[in-house]
Amino acid sequence: MDVAISTLLSPIILFFALGMGAALLRSQMSVPEAFAKGLALYLMMAIGLKGGVEMSKNPLTVEVMLVLLAGVVLSFIVPAISYFFLRVTTKLDQTNAAATAAHYGSISIVTFVAATEAVRMSGLDSSGHMVAVAALMETPAIVTALFLANRGAKRETPVAGSERGELIREVALNASIVVLVGALIIGWIAGEEGTARVEPFFVGLFQGVLCLFLLDMGLSAGRGLRQGWRELSAATIGFGLYMPLVSAALAAIVVMMLGMDTGDGALLITLAASASYIAVPAAMRLALPKAKPSIYLTLSLGVTFPFNVTLGIPIYIYLAGLMSGAGG
Amino acid sequence: MDVAISTLLSPIILFFALGMGAALLRSQMSVPEAFAKGLALYLMMAIGLKGGVEMSKNPLTVEVMLVLLAGVVLSFIVPAISYFFLRVTTKLDQTNAAATAAHYGSISIVTFVAATEAVRMSGLDSSGHMVAVAALMETPAIVTALFLANRGAKRETPVAGSERGELIREVALNASIVVLVGALIIGWIAGEEGTARVEPFFVGLFQGVLCLFLLDMGLSAGRGLRQGWRELSAATIGFGLYMPLVSAALAAIVVMMLGMDTGDGALLITLAASASYIAVPAAMRLALPKAKPSIYLTLSLGVTFPFNVTLGIPIYIYLAGLMSGAGG
Amino acid sequence: MDVAISTLLSPIILFFALGMGAALLRSQMSVPEAFAKGLALYLMMAIGLKGGVEMSKNPLTVEVMLVLLAGVVLSFIVPAISYFFLRVTTKLDQTNAAATAAHYGSISIVTFVAATEAVRMSGLDSSGHMVAVAALMETPAIVTALFLANRGAKRETPVAGSERGELIREVALNASIVVLVGALIIGWIAGEEGTARVEPFFVGLFQGVLCLFLLDMGLSAGRGLRQGWRELSAATIGFGLYMPLVSAALAAIVVMMLGMDTGDGALLITLAASASYIAVPAAMRLALPKAKPSIYLTLSLGVTFPFNVTLGIPIYIYLAGLMSGAGG
Amino acid sequence: MYQRKRIELIIEKMAHKRAGRIFESCGMTGYTVLPALAGYGGGNRWSRDTDISASRDMVVIISIGDVARVTETMTQLEDLLGEHIGVVTVSDVEVLRPDRF
Amino acid sequence: MYQRKRIELIIEKMAHKRAGRIFESCGMTGYTVLPALAGYGGGNRWSRDTDISASRDMVVIISIGDVARVTETMTQLEDLLGEHIGVVTVSDVEVLRPDRF
Amino acid sequence: MYQRKRIELIIEKMAHKRAGRIFESCGMTGYTVLPALAGYGGGNRWSRDTDISASRDMVVIISIGDVARVTETMTQLEDLLGEHIGVVTVSDVEVLRPDRF
Ligand SMILES: Nc1ncnc2c1ncn2[C@@H]1O[C@H](COP(=O)(O)O)[C@@H](O)[C@H]1O
Ligand SMILES: Nc1ncnc2c1ncn2[C@@H]1O[C@H](COP(=O)(O)O)[C@@H](O)[C@H]1O
Ligand SMILES: Nc1ncnc2c1ncn2[C@@H]1O[C@H](COP(=O)(O)O)[C@@H](O)[C@H]1O
Ligand code: NA
Ligand code: NA
Ligand code: NA
């Protein structure tokens, strides 16, 4: 519980709260899009490099491969479960339910980072390859969601102006995957020594940049909530709160089955429980333009993200502790 | 005097001079708005955090409260004096005089930061709560100025499209107040230990980012001067040079009355003497759209700001030394 | 050769390769223009300051003056040679050949920085005044190129809307010259002690920011190549590969004649061999708007830049070693 | 194709929410706000990247609607522009889906 | 001066390449894409700087062409806009150099 | 409402000051410059965020004025556009306050 409290009072979470508060009080302040996008690039480069450097220290084992595979499988399955819950408990139509489901199957890299911090603050360790797991879990959910959205009625001809493969390119080569995986490989190749000279930038500043970025996320989340909550029924909001726990439970089983240790387990659970708010919304504009951002974004960024970074992560660490105890 | 010279030759001031020189020579270079706005956010977060951490070390005393109150009172009064001088000595009409007066009652956070540096370089100390004073002094001036601008003739119906409370929201919750006060509180809560991990970003980089920001301020000030000086009479330019001294004198009395020590006193005097160039211009576009930015901005950014960061601050430190000697 | 390999595997080059790869695979990722422009400003300030601080440690000698002069002369001459090769070996018309020639006479500051790193990694030293050489070499090439472009037919009246001196102002006071020279002078004035407080920003972060910037350069280079290569004949692409070597040979003679030491020599050779991709393209839009960016930019950024930072620099260091051995 | 009207309003960025509220209250079905980079008016030039206060930034608001609503909107914009600087124009356009406006 | 048509298409930023391909395949000689800052439609407001996902960003595409090509382009845009949100208008303009369009 | 003309000039960003000087010298009372994000012309695409040189950036300049001044401006723009790339169109618009233009 101590960890929970010190997490909640860390500057990172406090700046998120500041942004959210400012937005709810209708402050007009904003972080320019170009600047925020630059910071997001920085964060992904830093995470990737760090993971790669750590991976360069250990050989790639079968256990690691299994964790990567498990992440992919989770990302394929979670949207199906999400879609089921959404269709049964809310009034969302097929398209909106599928689009929302894609968000919950994919991951939030900032939630992942926050969990990494919390894991560290709990005195636990985590491994570099979890970054690779995060990158791999971004995309599969979109495949499942598109399948769900397009069951039954479908256009037979592609929409005017669309190009074969544009969606795959957009999704599989989006900025966050390219930068995460690219930086991971660079960190792996360059190793600790090779990256020493970029450490002051990528390691030293990381926490501070994260504060600035979370201020912006708080503003976005708060504004989304303030403008979008009217479109969300109680059942939909409820989904944003219990779905992370459902995914977490599923991931917890995986953690136990694979005998992962607590730190990595907590990260895998967090990834499963987190919902995308950058890569998937962008992909949905191309793949399911009729789905409403005011539903899926408000839910993912306004409801699930705040839940995860405050209450969720401590729960997931606790859960991972139980599971790794049980499994090992 | 040594301090004055080493202040003048510090990279911060030299980069300001570089920007101003480049603009006056009509170089086309510029700092992209989105980037400059991001840097401004960073600077305010850094100042707020630092102030908050320092405040967390000492209890809030009655003396501190009195300084906060004095700042507010100064911000209310200075615009009235400014307005009087403008109306008597220049040909500015009611609206332009009021809008300009608002700038001089409010504060410039960069001038404040430059003064903090100069105070430190003089071997003096300053307190964290001076950041709170700065935040509190931003707004009251606007109230006085609007009162002055709207005396006599006034629209009875609000302008089409305006919303009750929009101006208050804009002014009281503008980015600089939200971030300064928010970061101050975060620094206070998190304390030295809690902010240790963000220190490399918020403390280590501060001076350097300030250089980059002042390069941009120099460019803005120089361009403003080059384009706007024709609109300014000698009397108006004169106002931009003597008004800081008038405010400083007023603040100096407060410093003596409250028995403030030299460092804090110099900062309070600097705040009174400084003029806003971001928050108040924005508010004026909403509240007094007929007032001309080419007058108030040129004066505040092109005349008073350069005066303050070069000659003004050494004078204010000297003055504070006299006053705290006199008072204590 | 070891140096060559460790240069190729440094994070800086790997991030360039990542960007180039992503662009060639048609990833949609991008670095926002405002952010990239901000980083470029940072890099130039950092380079200038570093050079200035180093220059402040040594007196300005005649040898230094001669190197400055040699740089200017090289920048005047290289475009003429480039133009000759382009007209003889490719089908480019007068305007496009002249515009392209201007790029090869001018310099690439990022190539310069990469060379500085490689020089350092080879255990060699380089001097601060080489930054001044870089700044001085930016412009003269444009003069030669305009002369070449305007031989024969010429408008007698200036184009509508143009202003006397606008081109000179644009070229001689472009951002990179103003900031490089300005920061150099500031570093010189402030010295090691005066710049100590901005060191964490300008020195500590330099390598990391460079990684981010080179990721963007890779994206630009890759996209340029993918879109522009159809406009380039084999002969034109060939020019982009052999011209750097021709310029390098010319500069090598200078290095020998002036008896420069290996480190500085390698930098002068690199400057001569490098081609501009920011300052000159901008100037060409004003001076020779009919010339095609898809030719000169693709060549300079897509062909010559990658060649230089991978194979070129090790060659130039080796060449400088030969020459300084021969000369001294 | 169907006849509609297009309003183009050039106004201070700080005032664009006021304008937006007018469009919304007059029943216009939508509008789009474009940032301006620089401009000239009343003998003065401004530029976004060279004014750190950003207080001179302007935006252009485009809104498509039917004649009745556009007329109503123009009346209220006239009042707004009495206070604020800026320029408004109306022009004829053809649209594809008339029910959207 | 010569009569031409001006298409103005307001569309999601994510879909602008699709629109661009339509303009290109219908023989329009060029188009220019402007970023939007904020907007309102279907009862919802969006703003570039307050939505970290950037998924609601819109752009405005302007393209000048002759009647025949514009008509052809509009047909295909109708199909695109059946899927995507957005608004398209056509208006009359005069140009200087008729051979460019 | 009063009849005026609207000039829309799409031109290289680097050349926009030249265009601005023409508008000013021909007596146009104002103009507004909008940044473009991307575009296509002469078989080539460009995009602001993927060209580090920024040398292909374009802007759109909008200016409202009366017929006489617009005609005068167009003559000079023709000369400018002989050198520079870009496109200019003129269209009819209605304005509220005729004395402003
Ligand atoms: N005739 C015009 N055409 C286009 N934009 C204009 C015009 N007049 C003014 N503007 C814009 O409105 C701003 C303020 O103009 P003014 O109210 O004349 O100071 C200018 O900076 C321009 O951006
Ligand atoms: N017909 C057009 N409609 C709109 N914009 C155009 C048109 N033609 C050219 N442009 C713009 O002008 C730029 C240069 O075009 P060009 O001179 O054809 O190379 C393009 O990249 C577009 O941004
Ligand atoms: N009538 C309109 N005029 C101008 N822009 C519009 C209009 N309707 C919609 N838009 C733009 O298109 C976006 C999506 O609108 P909608 O499809 O109604 O949700 C809005 O946010 C606006 O940016
Ligand atoms: Na998930
Ligand atoms: Na003041
Ligand atoms: Na060169």
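The basis for the numbers below is simple: all heavy atoms, side chains too, and nothing from hydrogens, waters or symmetry mates. Below, chains carry the letters A, B, ... as their sequence lines are ordered, and counting in each starts from 1.
K292(C) NZ: 12 or fewer foreign heavy atoms inside a 6.0 Å radius. When the shell of 6.0 Å around NZ of K50(A) is examined, it contains 12 or fewer heavy atoms from other residues, nucleotides or ligands.
Proximity to chain C is limited to the side chain of L49(A), based on heavy atoms less than 4.5 angstrom apart. With a threshold of 4.5 angstrom between heavy atoms, F15(C) approaches chain A through its backbone and through its side chain. With a 4.5 Å cut-off on non-hydrogen atoms, L215(C) touches chain A through its side chain but not through its backbone. Only the side chain of F202(A) comes within contact range of chain C, with at least one heavy atom under 4.5 Å from a heavy atom of that chain. For chain C, no part of I185(A) is nearby; none of its heavy atoms comes within less than 4.5 Å.
R197(A) places none of its side-chain heavy atoms less than 4.5 Å from the side chain of S10(C). A heavy-atom distance below 4.5 Å is found between the side chains of M29(C) and L41(A).
Among residues 161-174 of chain A, the residues having any heavy atom closer than 4.5 Å to a heavy atom of chain C are, in sequence order, E163(A), R169(A), E170(A), L173(A). Taking non-hydrogen atoms and a 4.5 Å limit, the residue list of residues 100-115 of chain A in contact with chain C is empty.
Atom CG of residue L212(C) and atom CZ of residue F201(A) lie 5.5 Å apart, to the nearest 0.5 angstrom.
Here the shortest heavy-atom pairing between A34(C) and A34(A) reads CB-CB, 3.9 Å.
A side chain to side chain contact (heavy atoms under 4.5 Å, CB included) with I186(A) is found for exactly one of I12(C), I13(C), L18(C), L9(C), namely L18(C).
Contact tally against chain A (heavy-atom pairs below 4.5 Å) for L39(C), V209(C), L25(C): the top residue is V209(C).
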